[in-house]
Amino acid sequence: MGVHQVEPALTPPSVKPILPKKPNMGSGKTRTKKREIPEGLWIKCPSCEAMIFDKELDENLKVCTKCAHHFPIGARERIHSLVETCTFQELDADMASVDVLGFKGASTYKSKLDAYRKSTTLKDAVVTGLGQIGPHRVALGVMDFTFLGGSMGSVVGEKLTRLIERGTSNNLPVIIISTSGGARMYEGMFSLMQMAKTSAALAYHAQHRLAYISILTHPTMAGVMASYATLGDLILAEPKAMIGFAGARVIKDTTQAELPPGFQTSEFLLDHGLIDAIVPRKEMKDQLVKYLDYFAAGKKAGA
Ligand SMILES: [Zn+2]
């Protein structure tokens, strides 16, 4: 908008900022051309419809101050909210996808990649690195839905695999925060292979008696859900996140059955035992420290 510079990666694409309405002062033609520029933007909460000032939303980790609706949050902002200041050391920051299949459709894969790199300032849909949460060193991977729907291609799979392997070699717990529409169709089989690769790396990490915490955020679906996202020793989710494998409509059409209320939400999956706890974003860091304390104590006792 040229009004307030916000890092594009942090602005959810689905949320349209709404400029505050100015009172109608009669005929617009008579007014001077130069308009007063508002200092910020108002965002309408899709859940409670309250108007929230964007800075207020940023300060509240993109959680509605009225109804606690969790807006999407960018990978870098999320990392910033969890790790201790200046402790995050990013890994494989320059790894970038290539159009290995020469994919052509309504637009080419290369043009998509170029557009998303520009609009998000990310190289791909995951940021990985080593950092400290409370007193604990961890290997942390955080996905970002704004980059091609958080889809998992070769780069997402490879960066996460290297992160997990780094966790194994450095004796560190791994935390992966997922948000994804699934495997990246532009890379076909190369995307699907990432499911096996990340899962194998996690199995090797587990053999070393190291903890893996998977955190599911809105939405986490398909190939990501069918691989590393559900392999956590502990699986946490943010409130009211959509979590599943196939979409609800596909399941309904295939099974010809009515789906239960709340199907594919965090709350439904907690009731049915797929996830271990629902943790609001603002409590996530404190809870992670507690869980990491337990794991560290258990490892010490088992050694
Ligand atoms: Zn709200």
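This one's a predicted model, so the numbers in the text were calculated from it and none came from an experiment. Every number for a ligand or one of its atoms is a count from 1 in the order of the listing.
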In the single-linkage hydrophobic clustering (I, L, V, M, F, W, Y; side-chain heavy atoms under 4.5 Å), do Tyr116 and Met143 co-cluster? no
Kindly report the SG-the Zn ion (ligand 1)-SG angle for Cys48 and Cys67 respectively, rounded to 10°. 110°
ang(SG Cys45, the Zn ion (ligand 1), SG Cys64) rounded to 10° is 110°
Name the residue from Glu77, His70, His69 that meets the side-chain hydrogen bond (donor to acceptor under 3.5 Å, both in side chains) definition with Lys62. Glu77
Assert yes or no for the condition that the ring centre distance of Tyr186 to Tyr109 is strictly below 6.0 Å. yes
Note: His205 and Leu172 closest approach over all heavy atoms is NE2-O, 2.9 Å
Counting backbone and side-chain atoms alike, does His69 have an N/O/S atom under 2.8 Å from the Zn ion (ligand 1)? no
